[in-house]
J.: 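Mind looking over this structure? Questions follow.
The residues of the chain are indexed from 1 along the displayed sequence. Just so you know, ligand 1 is whichever comes first in the structure, and atom 1 is the first atom listed for that ligand.
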Amino acid sequence: MTTSTIRIDERTRVLVLTGAGISAESGIPTFRGADGLWENHPIEKVASMRGFVDDPILVWRFYSQRRADAKAVAPNAGHHALARLEERLGDRFLLATQNVDGLHTKAGNARVVEMHGTLWKTRCSRCDREPFDDEEVYLGDLPGCGACAKRGESALLRPHIVWFGERLDPRDLARIDAFVRASRGSRLVFLAVGTSGRVSPASELVVHARDAGAETWLVNLEPSDNQGAFEHVVHGASGAVLPSLFV
Ligand code: BV8
């Protein structure tokens with residue numbers, strides 16, 4: 001349990017990065033918790049364009065299962081603590097999440113960058129129609145794009161997720177970068193929560209923040225790959241640590 005706390009004053013701006021660990025206490029398994037496997041498939045295989053081309057039914061089963069799991073769970077104390085922090089800081093707060101479960105929004109955060117996409121939208125794997133809200137579970141029949149069909153072309157719909165080997169949305173990265181740049185001259189705190197620091201470019205955020213003069217904190221259940229980059233490391237469950245971390 002942490003005795004260290006982060007004092008907030010009128011000059012403090014906070015950039016938070018969350019990973020699968022913050023949703024673990026809501027009952028959503030983390031990636032590493034399952035040894036990075038799903039039904040004995042390496043996550044990188046089912047969460048990649050290659051995997052989708054090779055076996056779209058398997059990939060839609062993987063995401064449908066996660067939609068079903070995520071629909072049934074609620075935000076936990078860690079999510080609620082970050083929602084309260086945004087209420088307190090307003091536009092001096094930004095939350096970049098690697099999670100696709102939507103639990104930060106469900107907890108009340110609005111200033112959220114979903115760096116790896118979201119389970120709750122689907123898009124065409126071919127045309128550039130806007131991603132649309134979708135909670136459907138596709139277990140057998142593969143969903144096709146109606147817009148493409150109208151043009152006599154056939155294309156599969158896909159989850160609006162950033163897969164391994166795919167580029168993150170430059171607009172998302174630009175928004176995070178703009179927040180860090182706007183923090184020059186103020187006091188910037190960078191807090192990473194519940195992440196193994198294994199996946200880039202999210203795992204590099206701490207270095208960018210530190211180069212911009214940020215005070216860096218990691219709250220994680222166990223040592224992470226990049227914890228050496230953080231000035232302050234608190235080992236503990238996010239649901240137990242976050243509610244009393246900011247004073
Ligand atoms: C890109 C959506 C470039 C999918 C995700 C070698 C070969 C090929 C590629 C690479 C390579 N080396 C590096 C790469 C790049 C690759 C990468 O980083 N791979 C890793 C595996 C090495 N990155 C990419 O491919 C990215 N794109 O680089 O594009 C490019 C440039 C130009 C042109 C084209 C391309 C895209 C990365 C995004 C992939 N998509 N998610 C989905 O969710 O289905 S990543 C996915 O895995 C998650 O979103 C998350 O980001 C990641 C899992 O990480 P964590 O969130 O940290 O979760 P994890 O389980 O690992 O850790 C949880 C932690 O919480 C643990 O430490 C645990 O102790 C802790 N914990 C548990 N309970 C609690 C807790 N902590 C606190 N409280 C608790 N209660």
Side-chain angles (χ1 to χ4, degrees), residues 1-2 16-39 41-52 58-70 73 75-82 95-104 112-123 131 158-170 172-173 191-206 217-230 233-243 245:
M1 256 310 264
T2 170
V16 183
L17 170 70
T18 59
I22 197 169
S23 294
E25 289 160 86
S26 293
I28 296 189
T30 64
F31 286 77
R32 305 306 149 205
D35 303 326
L37 290 176
W38 178 76
E39 291 189 352
H41 298 283
I43 289 283
E44 287 80 12
K45 183 164 175 299
V46 285
S48 68
M49 176 49 95
R50 176 81 263 145
F52 185 67
L58 175 72
V59 172
W60 264 118
R61 215 169 72 230
F62 173 57
Y63 284 98
S64 295
Q65 181 61 55
R66 291 178 58 208
R67 278 184 178 169
D69 293 349
V73 301
N76 63 60
H79 295 105
H80 292 305
L82 294 182
L95 171 52
T97 185
Q98 302 173 84
N99 299 338
V100 297
D101 56 34
L103 287 179
H104 287 303
V112 182
V113 178
E114 292 181 311
M115 305 171 78
H116 294 161
T118 172
L119 281 174
W120 308 115
K121 283 188 186 291
T122 293
R123 72 171 194 254
R158 58 165 282 179
H160 184 48
I161 292 268
V162 180
W163 280 330
F164 288 97
E166 292 188 320
R167 189 195 295 266
L168 277 65
D169 186 329
D172 289 342
L173 297 174
L191 167 69
V193 185
T195 180
S196 61
R198 204 154 296 168
V199 173
S200 65
S203 55
E204 292 148 16
L205 268 188
V206 57
W217 289 73
L218 172 69
V219 173
N220 210 55
L221 203 56
E222 60 202 3
S224 77
D225 289 14
N226 65 346
Q227 81 169 24
F230 291 85
V233 176
V234 178
H235 284 150
S238 45
V241 172
L242 292 188
L245 184 63

J.: Which residue and atom name correspond to the protein heavy atom nearest atom 28 (O) of ligand 1, and how close is it?
T.: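 It is Ser200 O, 4.0 Å.
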
J.: Using 30° and 60° as the class boundaries, would you call the ring planes of His79 and His104 parallel, tilted or perpendicular?
T.: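 Taking His104 first and then His79, their aromatic rings stand perpendicular (interplane angle over 60°).
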
J.: As an exercise, identify every atom of ligand 1 less than 4.0 angstrom from a heavy atom of Tyr63.
T.: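 Result: 4 (C), 42 (C), 44 (O).
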
J.: Within the 4.0 Å heavy-atom shell around Gly19, which atoms of ligand 1 are there?
T.: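 So the answer, numbered in order with elements, is 56 (O).
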
J.: Which atoms of ligand 1 have any heavy atom of Gly194 under 4.0 Å away?
T.: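 It comes down to these atoms of ligand 1: 63 (C), 64 (C), 65 (O), 76 (N).
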
J.: May I ask you to check if Arg66 and Trp38 form a cation-pi contact, with NZ or CZ under 6.0 angstrom from the six-membered ring centre and within 45° of the axis?
T.: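 No, a cation-pi geometry is absent between Arg66 and Trp38.
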
J.: Walk me through whether Gln98 and Leu17 qualify under side-chain contact (heavy atoms from CB on, under 4.5 Å).
T.: CA-CA 7 Å; Gln98 302 173 84; Leu17 170 70; 4.0 Å; yes

J.: Quick check for you: to the nearest 0.5 Å, what is the distance between Thr18 atom OG1 and Leu191 atom CG?
T.: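 If we round to the nearest 0.5 Å, Thr18:OG1 and Leu191:CG are 9.5 Å apart.
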
J.: Would you say atom 39 (C) of ligand 1 has a protein heavy atom nearer than 4.0 Å?
T.: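 For atom 39 (C) of ligand 1 the answer is yes, since some protein heavy atom falls inside 4.0 Å.
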
J.: For atom 12 (N) of ligand 1, is the nearest protein heavy atom closer than 4.0 Å?
T.: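 Looking at atom 12 (N) of ligand 1, one finds that no protein heavy atom lies closer than 4.0 Å.
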
J.: Look at atom 7 (C) of ligand 1 and say whether a protein heavy atom is found at less than 4.0 angstrom from it.
T.: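 Given the 4.0 Å cut-off, atom 7 (C) of ligand 1 does not count as touching protein heavy atoms.
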
J.: Please state whether Gly78 comes within less than 4.0 angstrom of ligand 1, counting heavy atoms only.
T.: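 Not so, Gly78 does not reach ligand 1.
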
J.: To check your reading of the model: name the closest protein heavy atom to atom 76 (N) of ligand 1, its residue, and the distance in Å.
T.: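 Answer, as residue, atom name and distance: Leu221 N, 3.1 Å.
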
J.: Just let me know how Arg167 lines up against ligand 1, side chain, backbone, both or neither, with a heavy-atom cut-off below 4.0 Å.
T.: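 Both parts.
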
J.: Not counting sequence neighbours, which residues clear salt bridge (Lys or Arg N to Asp or Glu O under 4.0 Å) with Lys121? List them please.
T.: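 For Lys121 the salt bridge (Lys or Arg N to Asp or Glu O under 4.0 Å) partners, ignoring immediate neighbours, are Asp133.
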
J.: For ligand 1, which part of Ala24 has a heavy atom less than 4.0 Å away: the side chain, the backbone, both, or neither?
T.: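 The side chain, only.
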
J.: Roughly how far, to the nearest 0.5 Å, is the CD1 atom of Ile161 from the OG1 atom of Thr122?
T.: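 Answer for the OG1-CD1 pair, Thr122 versus Ile161, is 9.0 Å.
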
J.: Provide, to 0.1 Å, the distance between atom 42 (C) of ligand 1 and the closest protein heavy atom, together with that atom's residue and name.
T.: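 The closest one turns out to be Arg66 NH1, 3.4 Å.
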
J.: Give me the residue, atom name and distance of the protein heavy atom closest to atom 79 (C) of ligand 1.
T.: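 Sorting protein heavy atoms by distance from atom 79 (C) of ligand 1 puts Gly21 O, 3.3 Å first.
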
J.: In sequence, state the C-alpha distance, the side-chain angles, and the governing distance for Trp163 and Arg158, and then conclude on side-chain contact (heavy atoms from CB on, under 4.5 Å).
T.: CA-CA 11 Å; Trp163 280 330; Arg158 58 165 282 179; 3.3 Å; yes

J.: Residues two or more places apart in sequence or in another chain: which of them pass salt bridge (Lys or Arg N to Asp or Glu O under 4.0 Å) with Asp169?
T.: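 Salt bridge (Lys or Arg N to Asp or Glu O under 4.0 Å) list for Asp169, sorted by chain: Arg171.
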
J.: Between Ile161 and ligand 1, find which residue part has any heavy-atom pair under 4.0 Å and reply side chain, backbone, both or neither.
T.: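 Ile161 to ligand 1: side-chain contact only, backbone stays beyond 4.0 Å.
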
J.: Output the distance between atom CG (Leu119) and atom NE2 (His160), rounded to the nearest 0.5 Å.
T.: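 If we round to the nearest 0.5 Å, Leu119:CG and His160:NE2 are 11.5 Å apart.
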
J.: Atom 69 (O) of ligand 1: which of Glu166, His235, Gln227, Glu222 has the nearest heavy atom?
T.: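 It is Glu222 that holds the nearest heavy atom.
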
J.: In the protein, which heavy atom is nearest to atom 20 (C) of ligand 1, and how far is it?
T.: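 Checking every protein heavy atom, the shortest distance to atom 20 (C) of ligand 1 gives Arg198 O, 3.8 Å.
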
J.: Under 4.0 Å from atom 24 (C) of ligand 1, can you find at least one protein heavy atom?
T.: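 Looking at atom 24 (C) of ligand 1, one finds that a protein heavy atom does lie closer than 4.0 Å.
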
J.: What atoms of ligand 1 come closer than 4.0 angstrom to any heavy atom of Glu44?
T.: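 Once the distances to Glu44 are compared, the set is 21 (C).
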
J.: Is the shortest N/O to N/O distance between Leu168 and ligand 1 below 3.5 Å?
T.: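 For ligand 1, there is no N or O atom that lies under 3.5 Å from one belonging to Leu168.
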
J.: Without swapping roles, check the side chain of Arg198 against the backbone of Asp225 for a donor-acceptor pair under 3.5 Å.
T.: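 Side chain of Arg198 to backbone of Asp225: no pair is present.
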
J.: Can you confirm whether some protein heavy atom lies under 4.0 Å from atom 31 (C) of ligand 1, or whether none does?
T.: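 No, no protein heavy atom sits under 4.0 Å from atom 31 (C) of ligand 1.
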
J.: Okay, side chain of Glu25, backbone of Gly239: is any donor-acceptor separation there less than 3.5 Å?
T.: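 Looks like yes, one N/O pair under 3.5 Å.
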
J.: Identify, for atom 80 (N) of ligand 1, the protein heavy atom at the shortest distance, and state residue, atom and that distance.
T.: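 The closest one turns out to be Glu25 OE2, 2.8 Å.
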
J.: Protein heavy atom under 4.0 angstrom of atom 63 (C) of ligand 1, is there one?
T.: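 It does: a protein heavy atom is found less than 4.0 Å away from atom 63 (C) of ligand 1.
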
J.: Verify the contact flag for atom 72 (C) of ligand 1, where contact means a protein heavy atom under 4.0 Å away.
T.: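 Under the 4.0 Å cut-off, atom 72 (C) of ligand 1 does have protein heavy-atom neighbours.
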
J.: Given Trp38, Phe164, Trp163, identify the one with the heavy atom nearest to atom 47 (O) of ligand 1.
T.: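 Of the listed residues, Phe164 has the closest heavy atom.
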
J.: Can you report which non-hydrogen protein atom sits closest to atom 61 (O) of ligand 1, along with the distance?
T.: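 The answer is Ser196 OG, 2.6 Å.
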
J.: Are the side chain of Asn226 and the backbone of Glu204 linked by a donor-acceptor contact shorter than 3.5 Å?
T.: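 No, Asn226 side chain to Glu204 backbone: no donor-acceptor pair under 3.5 Å.
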
J.: Judged on heavy-atom distance to atom 35 (C) of ligand 1, which of Gly239, Gly165, Pro201 sits nearest?
T.: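 Answer by nearest heavy atom: Gly165.
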
J.: Heavy atoms, side chains only, cut-off 4.5 Å: are Leu168 and His116 in contact?
T.: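 Side chain of Leu168 against side chain of His116, heavy atoms only: contact under 4.5 Å found.
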
J.: Any idea which atoms of ligand 1 are less than 4.0 Å away from a heavy-atom of Gly236?
T.: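 Taking each heavy atom of Gly236 in turn, ligand 1 has 77 (C), 78 (N) under 4.0 Å.
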
J.: Step by step, would you call Leu245 with Trp217 a side-chain contact (heavy atoms from CB on, under 4.5 Å)?
T.: CA-CA 11 Å; Leu245 184 63; Trp217 289 73; 4.3 Å; yes

J.: When you measure from the side chain of Ser26 to the backbone of Ile28, do you find a donor-acceptor pair of N or O atoms at a distance under 3.5 Å?
T.: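 Not at all, since once roles are kept as given, no pair shorter than 3.5 Å links the two residues.
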
J.: Could you walk me through whether Asn220 and Gln227 satisfy the side-chain contact (heavy atoms from CB on, under 4.5 Å) test, starting with their C-alpha distance in whole Å, then the side-chain angles of each, then the deciding distance to 0.1 Å, before giving a yes or no?
T.: CA-CA 9 Å; Asn220 210 55; Gln227 81 169 24; 5.9 Å; no

J.: Look at atom 56 (O) of ligand 1 and say which protein heavy atom is nearest, naming residue and atom and giving the distance to 0.1 Å.
T.: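 So the nearest neighbour among protein heavy atoms is Ala20 N, 2.8 Å.
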
J.: Which option, Val199, Asn220, Asn226, owns the non-hydrogen atom nearest atom 66 (C) of ligand 1?
T.: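 Considering heavy atoms of Val199, Asn220, Asn226, the nearest to atom 66 (C) of ligand 1 sits in Asn220.
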
J.: Do any N or O atoms from the side chain of Trp120 and from the backbone of Asp101 form a donor-acceptor pair under 3.5 angstrom?
T.: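 Between the backbone of Asp101 and the side chain of Trp120 there is a qualifying donor-acceptor contact (under 3.5 Å).
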
